[in-house]
S.K.: 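What follows is a structure written as structure tokens; I'll ask about it next.
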Number of protein chains: 2
Amino acid sequence: MTSTQTTTQTSHSTMHLLNETHEPSLKSWVVSANSVTTDFPIQNLPFAIFKQKEVNQAFRGGVAIGDQVIDLEALYEKNIFTDRVQEALKACAKDQLNDFMAMGKVAWSSLRLALSKALREGASEQKVISECLVPQTDIDYALPCRIGDYTDFYTSIHHATSVGKKFRPDNPLLPNYKWVPIGYHGRSSSIEVSGQTFKRPKGQTKAPTATEPSFGPCKRLDYELEVGIFIGKGNTLGEPISIENAEDHVFGLCIFNDWSARDIQGWEYQPLGPFLSKNFASTVSPWIVTMEALAPYRQPWTRDEQDPQPMPYLESTQNRNIGAFNIQLQALLETAQMRSQVEPAVQLSQSNFNDSYWTVAQMVAHHTVNGCNLQSGDMFGSGTQSGPTPDQAGSMLELSNAGSEPISLPNGETRTFLEDGDNVIMKGWCQKEGAARIGFGEVSAIILPAE
Amino acid sequence: MTSTQTTTQTSHSTMHLLNETHEPSLKSWVVSANSVTTDFPIQNLPFAIFKQKEVNQAFRGGVAIGDQVIDLEALYEKNIFTDRVQEALKACAKDQLNDFMAMGKVAWSSLRLALSKALREGASEQKVISECLVPQTDIDYALPCRIGDYTDFYTSIHHATSVGKKFRPDNPLLPNYKWVPIGYHGRSSSIEVSGQTFKRPKGQTKAPTATEPSFGPCKRLDYELEVGIFIGKGNTLGEPISIENAEDHVFGLCIFNDWSARDIQGWEYQPLGPFLSKNFASTVSPWIVTMEALAPYRQPWTRDEQDPQPMPYLESTQNRNIGAFNIQLQALLETAQMRSQVEPAVQLSQSNFNDSYWTVAQMVAHHTVNGCNLQSGDMFGSGTQSGPTPDQAGSMLELSNAGSEPISLPNGETRTFLEDGDNVIMKGWCQKEGAARIGFGEVSAIILPAE
């Protein structure tokens, strides 16, 4: 296969997005990348920021391949690529990916193609790239970029409806939901990378029957299974991004746990929205899977005909044809007891990003329609991704019916909300016939007791 | 007066905060600083980031004195101060004040004292500092720091009650208001410095009687008269800042206009709070008045006895004794017609920050009680500062009774909400017997038509 050959198309709608880097038959000389179970085959090539454990070195960009990471700072120093690729690598050699993200699609694509070619079986670059590989078991991750602003959306109508029932039984889905891609600003400073631990937050809560609030550790600590969306190229204040151009501004996606203190949230959130119930911790997976890598898993976005159809600024043919993403999402729980007895983590739920009521392109177009500026490295949360059935719920609030129906775990433990020592692990992957399986790795974090 | 002499104390409660830099009788060899009307006498010494107009130079820190600015980069190069002061000046020589803000109270105070002494009549440093002065008419400002996260509070009970009436006539002040210092996360990227222009935002709105929302330029554009609060030293994630230590983490205050699109807000804000109704633009005054400069204007903070008293994490003796700030706030309007006819701007309202229901220390303690980390340069908005009487309302929403009572301007124009070409100007100052008058300068921005 040569660099100009095009791949077998799997559907008409994704045709213009697929190229030789997606070819399912590609194999890498990094043998672990050819395993059917790896998240990181040669068709994926996601980005992270890492350093080698116990080595005195700066954090730098890396690309995952099988069970290895390509050290992009080391690869830049090898100076084996064209100027355009070297320029992209130089931006990746820093301790934050913002500059690379700001370079835009052509730079991202050039580097992806160069790495894809150089990692293929028989590539002449094998020896020099081998010298830049580090086993993933030997590295520490940092946040992939400086997240200037973080916005959390609310794109799952299934989540919005079932949570709405608990906060507003008589009025679960508000009248604006099917018109407005609801979002709100979150806290950037407390976003950390997978592997973090954090203390159970304290705060004010008020039981429905109490006359006054009380103060203490959160009793209804929850996770939220989300997709994280990283902005690549930003826009100027006052210049909206049209839905047609929206995806050109998106660098890639990750898996995201937007921890939530439900009892604090219930008391504080009126009238200006969640605040301390959310900003004590949020955790991202280290790897960002690029929009280009996700091209084979795009699918039509539809809306029920009886629902209001999107306003013109949220409507485009491309969004209809390939606006959705077929990404499997999974939340697992490893309790302290499971960890001490070396039992595997237990699946809590599975859902799919394609059940989202609003698309990534619609989020970008909506966020900027008033002139708001996005900057490279900004992150959106998709909002909790719950599917239409109860076992596809992306939070404990939904799974335990607001704490009224304890979840039984295989080892005899039960949970309504999360307990100290619990490790919540989230995974994401894309799989379909005619395309390579690619994954997002995982995001996990352990809850420590309140102080 | 020598550097060790203490000043006349104006009240017992502020005693420990006052020092020789507050002495009202101090005069400067910068003659304009001795005017009774200047915002920037020698007792103030606020910080900004600026550059000289039409000079090819980097932005750098500056301190205002009368109608001049001390170029702190130039002053650092003069190398006339002690090591401690030079270290502070070095941090101020950058194009953002974050590093200086992170240095903490001792560094801030050392620099303030050194500048106070060097600017006094008869100071031996007069000649060398003269060489570092730039007229304020010759400079451009930038944001004083990188604002990592911006949080907007809602601390005026008068504003909360009157706005609540318009959004929820039957339920204006929610039950949590007197317990929780309500706040929410805002957008950092669209905060700009005084002098900005911005386009009227477009968005979805829905008239109460309409069956469907519509899209177009905002029809109810409003200002919000706020105090901006800049964080100096941050805290580590998971380690709350106690109310006793809260003010050690605050660098200073500015005047802040949190522009709001009321019609967009009314349709979008449920259930997760304001979003596109706020994030199209927010404007800060260039000058940050330090907490130390504000010491003479501190006063007791009280709460009605029939109101719930604060929870322990929001309660301290110091907060009771000197938690409040006597800062006069003023909003003025200059319409395009006034500008073209060279008529002066008209006062819309005046209020005082001491009417705030919650203090700065309570905002800091509340924001971090769940472990949330603050970072140097983060900003809080105080929320719209409205006083108890109708003419003290800090927004058009209140002044025009949600648009139902047009405001008559002296030139014959009327306003319910803001129109294209309107320039909203806000000022702040502190004045009381036995202390020098100090001011915040002003924040202004002109509204451009929607595109």
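None of these values were measured; they are calculated from a predicted model. What's counted below: heavy atoms across the whole structure, side chains too, no hydrogens, waters or symmetry copies. Throughout, a chain's letter reflects where its sequence line sits, starting with A, and its residues are numbered from 1.
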S.K.: Can you tell me which of Leu174(A), Asp149(A), Val180(A) forms the most heavy-atom pairs within a distance under 4.5 Å of chain B?
M.R.: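 Answer, by heavy-atom pair count under 4.5 Å with chain B: Asp149(A).
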S.K.: How about Tyr184(A) and Tyr184(B): are their ring centroids closer than 6.0 Å?
M.R.: no
S.K.: For the candidates Gly203(A), Gly234(A), Pro274(A), which exhibits the highest count of non-hydrogen atom pairs separated by less than 4.5 Å from chain B?
M.R.: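 That would be Pro274(A).
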S.K.: Does the side chain of His367(B) come within less than 4.5 Å of Arg187(A)'s, by heavy atoms?
M.R.: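 Yes, close enough: below the 4.5 Å cut-off.
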S.K.: Examine whether an atom of Leu374(A) lies under 4.5 Å from a heavy atom of chain B, and if so say whether it belongs to the side chain, the backbone or both; otherwise answer neither.
M.R.: both
S.K.: To the nearest 0.5 Å, tell me how far Asn176(A) CG sits from Tyr269(B) OH.
M.R.: 10.5 Å
S.K.: Could you pull out the closest heavy-atom pair between Pro271(B) and Tyr154(A), with the gap in Å?
M.R.: CG-CE2, 4.1 Å
S.K.: Answer yes or no: are there more than 12 heavy-atom neighbours, outside Lys166(A) itself, under 6.0 Å from its atom NZ?
M.R.: yes
S.K.: Return the minimal non-hydrogen interatomic distance between Gly238(A) and Lys199(B), and the atom names on each side.
M.R.: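 Smallest interatomic distance, heavy atoms only, reads O-NZ, 2.9 Å.
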S.K.: Measure the spacing between CD1 of Ile182(B) and CZ of Phe275(A) and express it to the nearest 0.5 Å.
M.R.: 9.5 Å
S.K.: Side chains of Trp179(A) and Glu212(B): closer than 4.5 Å at any heavy-atom pair?
M.R.: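 SC-SC contact between Trp179(A) and Glu212(B) confirmed.
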S.K.: Relative to chain A, which segment of Leu272(B) carries a heavy atom at a distance below 4.5 Å: side chain, backbone, both, or neither?
M.R.: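 Both parts, heavy atoms under 4.5 Å.
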S.K.: Report, as yes or no, whether the 6.0 Å neighbourhood of atom CD on Glu305(A) holds more than 12 heavy atoms from other residues, nucleotides or ligands.
M.R.: no
S.K.: Mind checking whether Gln196(B) and Leu237(A) have side chains closer than 4.5 Å, heavy atoms only?
M.R.: yes
S.K.: Does a side-chain heavy-atom distance below 4.5 Å link Met311(B) with Pro213(A)?
M.R.: yes
S.K.: Between Glu239(B) and Glu451(A), is any pair of side-chain heavy atoms under 4.5 Å apart?
M.R.: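 No. Closest side-chain heavy atoms not under 4.5 Å.
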S.K.: Measure distances from Phe198(A) to the heavy atoms of chain B and classify the residue's part below 4.5 Å as side chain, backbone, both or neither.
M.R.: neither
S.K.: Looking at Arg200(B), Arg146(B), Lys202(B), which has the largest count of heavy-atom pairs under 4.5 Å with chain A?
M.R.: Lys202(B)
S.K.: Does Leu314(B) reach the side chain of Gln204(A), with side-chain heavy atoms less than 4.5 Å apart?
M.R.: yes
S.K.: Of the backbone (N, CA, C, O) and the side chain (C-beta and beyond), which part of Tyr177(B) lies under 4.5 Å from a heavy atom of chain A, both, or neither?
M.R.: neither
S.K.: Do the non-hydrogen side-chain atoms of Val369(B) and Phe215(A) ever get within less than 4.5 Å of each other?
M.R.: yes
S.K.: Could you look at Leu448(B) and say if it's the side chain, the backbone, both or neither that has a heavy atom under 4.5 Å from chain A?
M.R.: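 Contact with chain A involves no heavy atom of Leu448(B) at all.
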S.K.: Among Gly148(A), Gly183(A), Pro240(A), Gly164(A), who wins on heavy-atom pairs under 4.5 Å with chain B?
M.R.: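 If we count pairs closer than 4.5 Å to chain B, Gly183(A) comes out on top.
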S.K.: Which atoms of Leu173(A) are under 4.5 Å from chain B, going by heavy atoms: the side chain, the backbone, both sets, or neither?
M.R.: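 Answer is neither: Leu173(A) stays 4.5 Å or more from chain B.
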S.K.: Counting only non-hydrogen atoms closer than 4.5 Å, does Leu276(A) touch chain B with its backbone (N, CA, C, O), its side chain (CB onward), both, or neither?
M.R.: both
S.K.: Would you mind telling me which of Pro308(B), Gly371(B), Ser190(B) has the largest number of heavy-atom pairs within less than 4.5 Å of chain A?
M.R.: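 So the answer, after comparing Pro308(B), Gly371(B), Ser190(B), is Ser190(B).
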S.K.: Please name the residue in the list Asn370(B), Thr151(B), Thr368(B) that meets the side-chain hydrogen bond (donor to acceptor under 3.5 Å, both in side chains) test with Asn279(A).
M.R.: Asn370(B)
S.K.: Checking heavy atoms, do the side chain of Asp152(B), its backbone, both or neither come under 4.5 Å from chain A?
M.R.: neither
S.K.: Kindly check if the number of other-residue, nucleotide or ligand heavy atoms within 6.0 Å of NZ (Lys206(B)) is above 12?
M.R.: yes
